[in-house]
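The structure appears right after this line, and notes come after that.
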Amino acid sequence: MLILNKTAGVFFKPSKRKVYEFLRSFNFHPGTQFLHKIVLGIETSCDDTAAAVVDETGNVLGEAIHSQTEVHLKTGGIVPAVAQQLHRDNIQRIVQEALSASRISPSDLSAIATTIKPGLALSLGVGLSFSLQLVGQLKKPFIPIHHMEAHALTIRLTNKVEFPFLVLLISGGHCLLALVQGVSDFLLLGKSLDIAPGDMLDKVARRLSLIKHPECSTMSGGKAIEHLAKQGNRFHFDIKPPLHHAKNCDFSFTGLQQVTNKRIMKKEKEEGIEEGQVLSSAADIAATVQHTMACHIVKRTHRAILFCKQRDLLPQNNAVLVASGGVASNFYVRRALEILTNATQCTLLCPPPRLCTDNGIMIA
Ligand code: KG4
Ligand code: ZN
């Protein structure tokens with residue numbers, strides 16, 4: 001727990017190997033031979049309690065997930081202690097469901113893999129202590145998993161992708177561009193200087209009170225924005241994409257959120273409504289925010305592609321860009337990235353939307 005708290009939220013930390021070695025030392029039995037390797041994956045880094053059983057060829061044998069989205073929508077954001085309690089309430093059932101669906105006896109598992117970072121310390125702690133108890137009982141090896149590495153490598157479950165490839169990870173907690181040179185060999189090219197795009201969308205959706213919109217009441221903020229944006233005018237108001245002149249691959253989303261908030265306040269005055277009611281122009285605002293966010297993401301990714309090609313870090317033709325994380329399940333963002341990859345002779349690969357958001361399969 002002490003190690004987790006110290007390392008949570010840190011990506012590419014040099015002491016990573018030490019942490020991994022420490023965790024791998026739990027009940028590791030190097031002499032054990034398995035005919036078919038079968039891994040149980042457990043994910044509790046944020047607000048999804050998820051588990052899956054996957055075999056060594058990538059077959060998903062069983063899967064279960066409990067999403068906390070509806071609870072957190074009501075409290076207006078993730079309260080870590082609430083998330084922790086919900087993980088505690090559900091983890092046993094979810095792991096049991098994944099195992100039952102797989103028809104695998106726990107004793108036939110080859111290993112247990114669990115997200116150890118980055119994420120909310122209280123949430124991560126539930127998955128980790130549950131897993132360590134299980135590896136102790138079953139005497140199985142433990143595989144500590146980096147949540148963002150799992151997002152980045154999920155594509156290898158559905159597509160044959162050779163290293164190196166460029167990965168864009170855009171979620172509620174993270175935003176980064178990295179060159180993936182091997183299973184745990186990542187070169188970080190850019191990251192968000194403030195909040196992640198999913199966090200920005202969640203905040204805008206909350207400010208727009210989309211939970212009160214009949215079509216979006218159970219959707220995550222990002223999903224609600226995507227849904228409403230289809231009915232809106234993306235040129236409703238003009239926002240300049242951030243970091244226009246920054247000669248790097250970093251991102252920023254706080255400015256976009258603040259400008260949008262001001263716009264919402266102005267519209268509320270014009271429409272004579274209070275904060276907490278849904279604006280008649282909510283769909284236009286959703287479309288504009290989604291469009292500006294997509295433009296920003298594409299511009300920064302374009303810089304990363306040019307940088308990698310200039311330095312021969314990626315092949316000149318048919319280089320692969322993988323987009324993953326919750327925000328990569330957004331079809332407007334995917335379409336924008338596709339226009340970029342077509343123009344730069346690259347190939348865009350995205351896991352199916354249900355594998356973009358957090359799940360147990362990517363951990364297993
Ligand atoms: O990867 P994920 O499930 O959890 C994190 O690791 O953060 O991503 C969740 C984030 C949330 O912020 C959610 O609003 C956003 O992904 N999201 C979307 C969509 N579906 C989920 N954002 C844009 N469009 C979507 N369709
Ligand atoms: Zn995630």
Side-chain angles (χ1 to χ4, degrees), residues 8-9 11 41-50 52 65-73 76-78 80 83 87 114-120 123-124 127 145-155 167-176 191-192 195-208 210-211 215-230 232 251 253 256-257 286-294 296-297 322-337 350-363:
F11 196 40
I42 298 179
E43 156 65 32
T44 65
S45 68
C46 188
D47 60 345
D48 291 301
T49 316
I65 187 161
H66 175 265
S67 166
Q68 306 176 356
T69 303
E70 282 193 41
V71 175
H72 298 308
L73 277 174
I78 299 174
H87 283 305
T114 304
T115 308
I116 60 150
K117 65 174 182 175
L120 299 172
S123 294
L124 286 163
I145 301 292
H146 191 295
H147 183 82
M148 302 313 288
E149 289 183 359
H151 269 307
L153 298 172
T154 302
I155 195 71
V167 72
L168 168 71
L169 295 177
I170 38 179
S171 71
H174 302 280
C175 177
L176 59 89
K191 60 185 183 323
S192 176
I195 59 174
D199 191 13
M200 183 274 295
L201 293 177
D202 292 339
K203 286 181 165 126
V204 170
R206 263 203 305 280
R207 185 61 188 77
L208 282 170
L210 296 189
I211 191 174
E215 290 166 26
C216 317
S217 59
T218 60
M219 294 178 184
S220 69
K223 204 166 168 40
I225 296 276
E226 178 174 30
H227 178 78
L228 268 196
K230 288 184 193 135
F251 301 81
F253 295 95
L256 179 53
Q257 187 214 330
T288 309
V289 167
Q290 179 179 256
H291 176 69
T292 314
M293 175 190 77
H296 179 49
I297 290 171
V322 171
S324 194
V327 180
S329 64
N330 181 297
F331 283 98
Y332 193 86
V333 171
R334 285 185 181 205
R335 179 71 196 115
L337 288 169
C350 305
R354 71 182 193 92
L355 292 181
C356 275
T357 47
D358 292 351
N359 62 83
I361 298 170
M362 71 181 200
I363 307 305

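Just follow the structure's listing: the first ligand is 1, and inside any ligand the first atom is 1. Predicted, not measured: the structure shown is a model, and the values here were computed from it.
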| said: Looking only at N, O or S atoms, which one in Asp358 sits nearest to the Zn ion (ligand 2)? | reply: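 In Asp358, the heteroatom (N, O or S) nearest the Zn ion (ligand 2) is OD1.
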What atoms in ligand 1 come closer than 4.0 Å to a heavy atom of [X]?
X: Ser329; answer: 19 (C), 20 (N), 25 (C), 26 (N)
X: Ser171; answer: 1 (O), 5 (C), 6 (O), 7 (O), 8 (O)
X: Leu201; answer: 22 (N), 23 (C)
X: Gly198; answer: 12 (O)
X: Gly173; answer: 7 (O)

| Does Asp47 use its side chain to pair, donor to acceptor, with the backbone of Thr69 at less than 3.5 Å? |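 Checking the backbone N and O of Thr69 against the side chain of Asp47, no donor-acceptor pair under 3.5 Å is found.
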| said: Between the side chains of Asp199 and Lys203, is the shortest nitrogen-to-carboxylate-oxygen separation below 4.0 Å, so that they form an ion pair? | reply: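 Here Lys203 pairs with Asp199 in a salt bridge, since their nearest N and O are under 4.0 Å apart.
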Protein contact of [atom] - nearest heavy atom, named by residue and atom, plus distance:
atom: atom 26 (N) of ligand 1; answer: Glu226 OE1, 2.8 Å
atom: atom 3 (O) of ligand 1; answer: Asp358 N, 3.0 Å
atom: atom 11 (C) of ligand 1; answer: Asp202 OD2, 3.6 Å
atom: atom 8 (O) of ligand 1; answer: Gly326 CA, 3.4 Å

| field | Residue portion contacting ligand 1 (non-hydrogen atoms closer than 4.0 Å) for His174 | value |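 No part of His174 comes within reach of ligand 1.
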| task | With rounding to the nearest 0.5 Å, note down the distance linking CD in Gln257 to CD1 in Ile195. | result |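 Those atoms lie 4.5 Å apart.
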